Amino acid sequence: MKIIVIGATGRVGKQVVSKLAENKSDQVLAGARKPESIEKGSNIKPFKIDLHDTKDNILKALPEADALIFTAGSGGKDLLQVDLNGAVKVMIEAAKRGIDRFVMLSSKDSLTPDSFSGDNPSPLANYLISKHFADLWLIKNTTLDYTILQPTALTETPGSG
Ligand SMILES: NC(=O)c1ccc[n+]([C@@H]2O[C@H](COP(=O)([O-])OP(=O)(O)OC[C@H]3O[C@@H](n4cnc5c(N)ncnc54)[C@H](OP(=O)(O)O)[C@@H]3O)[C@@H](O)[C@H]2O)c1
């Protein structure tokens, strides 16, 4: 299987690339702004992608693949361009490229708008709003076969099983 990872240099993305690459029958297409910093491996193929780019350039950047895992994010610094519009552009262009399985790394509460509205909104409200509308786009405006992951804060300690 050919699997694209967007955000392949991130804390989550790096681990996803590494884990996927353990299966030598899979090819991992690792997308990042600095592809030179991606882990080397016989079945890891880095490619350059910037979520600020136009839709046409994002389409050109995306290789053919069976599935795409979106793990990119701006860390709160560039929410509209990266977490919302960047994600939506990737959904639209992935579909054009014939990639029909899409895994979105979203967040706890992304689909419960009451947590980011009202008198006492979440401190992550603006981030959650970006994730909310990106997730809704995926659900309502695409025909992609999607999975939306909604983790709480992730840690970097070994998994407990
Ligand atoms: N970490 C958590 O606790 C947590 C919890 C719940 C949900 N999440 C979700 O998971 C996502 C990833 O988390 P993380 O901790 O792995 O984040 P991270 O370490 O900050 O990684 C973010 C990734 O996004 C990429 N990126 C940022 N701007 C980009 C752009 N314009 N074009 C292309 N790539 C761009 C970064 O690439 P560069 O190396 O080029 O900057 C990096 O690879 C978060 O954004 C969030 O939506 C995280």
Side-chain angles (χ1 to χ4, degrees), residues 3-22 28-41 44-63 65 67-97 99 101-116 121-139 142 144 146-161:
I3 306 158
I4 294 176
V5 180
I6 304 288
T9 51
R11 284 170 297 182
V12 175
K14 263 193 255 178
Q15 294 208 39
V16 172
V17 168
S18 217
K19 288 275 179 196
L20 290 173
E22 285 172 11
V28 186
L29 306 164
R33 286 187 290 189
K34 291 185 184 148
E36 63 280 6
S37 56
I38 286 169
E39 174 188 340
K40 305 280 180 287
I44 300 174
K45 194 171 172 206
F47 70 95
K48 186 173 169 61
I49 187 163
D50 187 337
L51 299 174
H52 274 262
D53 225 332
T54 61
K55 283 197 291 171
D56 284 353
N57 283 340
I58 286 180
L59 178 61
K60 279 183 205 148
L62 286 176
L68 184 151
I69 306 178
F70 189 94
T71 70
S74 68
K77 296 183 199 95
D78 201 7
L79 291 167
L80 291 179
Q81 286 283 359
V82 174
D83 303 64
L84 176 50
N85 200 37
V88 169
K89 285 185 287 186
V90 170
M91 292 168 203
I92 293 170
E93 302 312 317
K96 284 188 199 158
R97 186 55 84 230
I99 301 161
R101 295 177 69 182
F102 198 104
V103 179
M104 168 55 90
L105 177 54
S106 185
S107 175
K108 177 179 176 288
D109 296 333
S110 68
L111 290 170
T112 48
D114 280 352
S115 64
F116 42 88
S122 160
L124 296 177
N126 287 344
Y127 162 71
L128 290 172
I129 290 167
S130 300
K131 296 306 275 185
H132 177 74
F133 285 102
D135 290 355
L136 276 190
W137 186 281
L138 183 56
I139 295 165
T142 77
L144 295 162
Y146 65 81
T147 301
I148 297 175
L149 302 169
Q150 295 185 298
T152 182
L154 301 168
T155 66
E156 293 182 71
T157 49
S160 65

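Note that the numbering runs from 1 along the sequence shown for the chain. In each ligand, atom 1 is the first atom listed, and ligand 1 is the first ligand listed. Note that the structure is predicted; figures quoted are calculated from it, not measured. Only heavy atoms go into these numbers, but all of them, side chains included; no hydrogens, no water, no symmetry mates.
- For the pair Leu111 and His132, the tightest heavy-atom approach, listed with the atom from each and the gap, is CA-ND1, 4.0 Å.
- Within the listing of ligand 1, atoms 3 (O) sit less than 4.0 angstrom from a heavy atom of Ala153.
- When all heavy atoms are compared, the tightest approach of Ser110 to Gln150 is OG-NE2, 2.9 Å.
- Taking atom 20 (O) of ligand 1 as the reference point, the nearest protein heavy-atom neighbour is Arg11 NH2, 4.3 Å.
- Expressed to the nearest 0.5 Å, how far CG of Asn85 lies from CG of Asp83 amounts to 11.0 Å.
- Any N or O atom pair closer than 3.5 Å counts here, and Ser107 shares no such pair with ligand 1.
- Distance CG/Leu79 to CZ/Phe133: 13.5 Å, rounded to 0.5 Å.
- Neither the backbone nor the side chain of Asp78 comes within 4.0 Å of ligand 1, counting heavy atoms alone.
- At distances below 3.5 Å, at least one donor-acceptor pair connects side-chain atoms of Arg97 with backbone N or O atoms of Leu59.
- For atom 26 (N) of ligand 1, the nearest protein heavy atom (residue, atom name, distance) is Gly73 O, 3.9 Å.
- Checked against a 3.5 angstrom limit, the closest N/O atoms of Leu51 and ligand 1 fall inside it.
- Taking all atoms of both residues into account, the shortest heavy-atom contact from Ser106 to Pro151 is O-CD, 3.4 Å.
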Side chain to side chain contact (heavy atoms under 4.5 Å, CB included) evaluation trace for Asp53 with Lys60: CA-CA 11 Å; Asp53 225 332; Lys60 279 183 205 148; over 6 Å; no
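- Residue, atom and distance of the protein heavy atom nearest to atom 8 (N) of ligand 1 are Tyr127 OH, 3.7 Å.
- The shortest separation from a heavy atom of Lys34 to ligand 1 is not under 4.0 Å, leaving the residue out of contact.
- Between Gly31 and ligand 1 there is no heavy-atom distance shorter than 4.0 Å.
- Counting protein heavy atoms only, atom 48 (C) of ligand 1 is closest to Leu154 CD1, 3.9 Å.
- When the heavy-atom distances from atom 25 (C) of ligand 1 to Ala32, Ala72, Gly13 are ranked, the shortest goes to Ala72.
- When the shell of 6.0 Å around NZ of Lys77 is examined, it contains 12 or fewer heavy atoms from other residues, nucleotides or ligands.
- In the vicinity of Asp50, heavy-atom distances shorter than 4.0 Å reach the ligand 1 atoms 30 (C), 31 (N), 32 (N).
- Scanning all protein heavy atoms for the shortest distance to atom 12 (C) of ligand 1 gives Thr71 O, 3.1 Å.
- How far CG of Asp56 is from NZ of Lys96: 6.5 Å, rounded to the nearest 0.5 Å.
- In this structure, CG in Leu62 is found 5.0 Å from CD1 in Ile99, a value given to the nearest 0.5 Å.
- Once rounded to the nearest 0.5 Å, the distance linking NZ of Lys131 with CG of Leu84 reads 9.5 Å.
- Separating the NZ atom in Lys89 from the CG atom in Leu51 is a distance of 7.0 Å, to the nearest 0.5 Å.
- In terms of protein heavy atoms, atom 5 (C) of ligand 1 is closest to Thr152 O, 3.3 Å.
- Among the atoms of Arg33, some N or O lies under 3.5 angstrom from an N or O of ligand 1.
- Residue contact check for ligand 1: Asp53 places no non-hydrogen atom closer than 4.0 Å to it.
- Annotation for ligand 1: atoms under 4.0 Å from non-hydrogen atoms of Ser106 are 6 (C), 7 (C), 8 (N), 9 (C).
- Residue-ligand proximity: Gln150 is placed with every non-hydrogen atom at 4.0 Å or more from ligand 1.
- In plain terms, the two heavy atoms of Val17 and Ala8 that are nearest each other are CG2-CB, 3.8 Å.
- For atom 37 (O) of ligand 1, the nearest protein heavy atom (residue, atom name, distance) is Thr9 OG1, 3.2 Å.
- In terms of protein heavy atoms, atom 16 (O) of ligand 1 is closest to Val12 N, 2.8 Å.
- The local environment of CD in Gln15 is sparse, with at most 12 non-hydrogen atoms from other residues, nucleotides or ligands closer than 6.0 Å.
- Heavy-atom proximity to atom 6 (C) of ligand 1, evaluated over Pro151, Ala87, Gly7, is greatest for Pro151.
- Of all atoms in ligand 1, listed by their number and element, those nearer than 4.0 Å to a heavy atom of His52 are 31 (N).
- Atoms of ligand 1 lying under 4.0 Å from any heavy atom of Lys131, numbered from 1 in the order shown and given with element: 47 (O).
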